[in-house]
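Worksheet: the structure to be examined is printed underneath.
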2 protein chains.
Amino acid sequence: MTADHEILTKPEGRYHHGDLRTALLRATETLIAEHGTGAVSLREVARIAGVSHGAPAHHFGNKDGLMLAFAQEGWDRMIEAILNAVDADRPGDGPAFLVSVGKAYVRFAITNPGQFDVMFRRDLYDLKDTGYLGAGDSAWVFLEDTIQRCIDEGFAPRDAAQSFTIIAWSMVHGLAALWNSGRVRSRFEKLDPDVLNEQMNEALTTMMFPGRPVQK
Amino acid sequence: MTADHEILTKPEGRYHHGDLRTALLRATETLIAEHGTGAVSLREVARIAGVSHGAPAHHFGNKDGLMLAFAQEGWDRMIEAILNAVDADRPGDGPAFLVSVGKAYVRFAITNPGQFDVMFRRDLYDLKDTGYLGAGDSAWVFLEDTIQRCIDEGFAPRDAAQSFTIIAWSMVHGLAALWNSGRVRSRFEKLDPDVLNEQMNEALTTMMFPGRPVQK
DNA sequence: CAGCCCATCTAGACAGTGTCTAGTTTTGCG
DNA sequence: CGCAAAACTAGACACTGTCTAGATGGGCTG
């Protein structure tokens, strides 16, 4: 119905689509957003893109491949979103940097609940796939570097890198997952998620670095 | 193959199963454990239970109903597991009580990854279902009471009930979810999950209640 | 104990799905 | 221009969820 949709539909009378892979990923995103993850089918995304029912298999191998590609795209998008947020916030010290990262993580999750969900759904595709694990690994490494910076600045014990990384990731991931599950949200109908996100990340970081000098 | 399996299979020559509802839930559990959540189908659980393909619909309405019942059973089991753990640990103060609860939460999640997953999969069934939300609510209320006890004992500010509840739940839920996703586990192949669970919950509670007197 | 209601379960049909195959169209490259 | 490979089509098949109509028998009423 939108211009986007037209671009993603195969031009009439043509045999080749042009950018079918992208079109199928966008169709997947639309389906998940409008009807949930369960509504995704190879035949439906093919229909939306205006191609035959067998076409998607050529680009993704099978349905698992489509979901995996969608998850990988999600990791790329999330890392990009975090980098942008950090750029915008210009945090002064390590803990402030961590707050910026945590807020961006949760914001990405609650603004892209469908894709975030797929990124952690190990039943949708082969977990051993190197690309999938690789994408998640870069997120881990990024987070670990953030913690390491806090350690280098004297905010945390020198041997805390791994445990603090797990703690930080667990905190923001749990908050995001619970919010998206609808269980937390249902108790804060009138609360702006961004406000909750801000408050939680500030509180969590304060707990992690109790001796931290307060930033203006 | 096991005795359990035989009990759950319809007695030969009989028309009525006896306890088909339970048999179907157990078949669901087995399928998820052995082949993942995606392997669950009404026809396959019917096959395992030795009944016709249409029988499950009578007990659960449709597939969503089966998954919802499985999720509800999960909530019941988790609350029971937490109560048992608290009984066994006999924690002295509020924070120790919280550690006991948190450890039991994570332990349930990593020993029942399939069921835990389904409990938070809002795409598998209608989120507005009162039974589903009700089960989750009792968990929230239980956790909030635990936090309230910490407040009453002077370990946390009086107005911290809600935010501390979110923080605590986010922590343990995030840890459980990340572990089950395989991303954390892949980095600690040789580490006993129970050890990580213990250490994390102690560390997290120490962060939440920094002034807490150390327990023996 | 007899009769009957209704929960339980069967069996067939139907549209929709993933995946496989063989074949058709088009692109890109020497 | 020629041609191999990539992109896509179209049909088939087994499987799925759900809907129907009907068969069975457990348990309650009288």
Side-chain angles (χ1 to χ4, degrees), chain A residues 7-28 30-32 34-71 118 121 123-126 129, chain B residues 7-28 30-32 34-71 118 121 123-126 129:
Chain A
I7 289 171
L8 296 178
T9 307
K10 187 175 75 169
E12 205 149 342
R14 304 205 40 155
Y15 195 88
H16 282 21
H17 179 285
D19 193 5
L20 181 57
R21 198 190 137 89
T22 302
L24 295 171
L25 286 174
R26 296 289 66 77
T28 302
T30 304
L31 276 175
I32 292 179
E34 292 178 0
H35 302 101
T37 311
V40 177
S41 78
L42 290 178
R43 295 175 109 102
E44 185 62 24
V45 295
R47 232 168 268 134
I48 293 175
V51 294
S52 76
H53 70 268
H58 183 261
H59 287 273
F60 301 107
N62 53 24
K63 188 177 180 181
D64 286 9
L66 171 65
M67 299 312 277
L68 172 58
F70 188 64
V118 174
R121 282 273 293 275
D123 60 305
L124 287 181
Y125 33 73
D126 186 2
D129 186 288
Chain B
I7 290 171
L8 297 177
T9 306
K10 189 174 76 168
E12 207 150 341
R14 304 207 39 158
Y15 195 89
H16 283 17
H17 180 286
D19 194 5
L20 182 54
R21 198 190 136 90
T22 301
L24 295 172
L25 286 174
R26 294 290 65 76
T28 302
T30 304
L31 276 175
I32 293 180
E34 292 178 0
H35 302 101
T37 312
V40 177
S41 79
L42 290 178
R43 294 174 110 102
E44 184 62 24
V45 294
R47 233 169 268 135
I48 293 175
V51 294
S52 75
H53 69 267
H58 182 262
H59 287 272
F60 301 106
N62 52 25
K63 188 177 179 180
D64 285 10
L66 171 64
M67 299 312 277
L68 173 59
F70 188 65
V118 174
R121 282 273 292 275
D123 60 306
L124 285 181
Y125 33 70
D126 186 1
D129 187 286

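Each chain gets a letter, A, B and so on, in the order the sequences are listed, and its residues count up from 1.
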* To do: Would you give the length of the straight line joining atom NE2 of His59(B) to atom CG of Leu42(B), rounded to the nearest 0.5 angstrom?
  => 12.0 Å

* Asked: Going from CZ on Arg26(B) to OG1 on Thr28(B), what distance comes out if it is rounded to the nearest 0.5 angstrom?
  -> 8.0 Å

* **Leu24(A) versus Leu66(A), closest heavy-atom pair with distance** => O-CD1, 4.5 Å

* **Minimum side-chain heavy-atom gap Thr37(A)-Met67(A) below 4.5 Å** => yes

* Would a 4.5 Å heavy-atom cut-off, applied to side chains only, mark Phe70(B) and Ile32(B) as touching? -> yes

* Structure fact -> What one should report as the nearest heavy-atom pair of Leu31(B) and Ile48(B) is CG-CD1, 3.9 Å

* Distance, nearest 0.5 Å, that separates NE2 of His53(A) from CD of Glu44(A) -> 14.0 Å

* How does protein contact run along nucleotides 12-19 of chain C, one letter per nucleotide 5' to 3', with B for base contact, S for sugar-phosphate only, - for none, heavy atoms under 4.0 Å? -> BB---SBB

* Asked: How close do Ser52(A) and Ala46(A) get, heavy atom to heavy atom, and via which atoms?
  -> O-CB, 3.4 Å

* Structure fact -> Taken to the nearest whole Å, CG/Asp19(B) to P/dA7(C) is 18 Å

* Rounded to the Å, how far apart are Phe60(B) CZ and dT18(D) P? -> 13 Å

Distances under 3.5 Å between protein N/O atoms and the N/O atoms of nucleotides 4-6 of chain C, please, pair by pair.
none

* To do: Tell me whether the OP1 or OP2 atom of dC9(C) has a side-chain N or O from His58(B) closer than 4.0 Å.
  => no

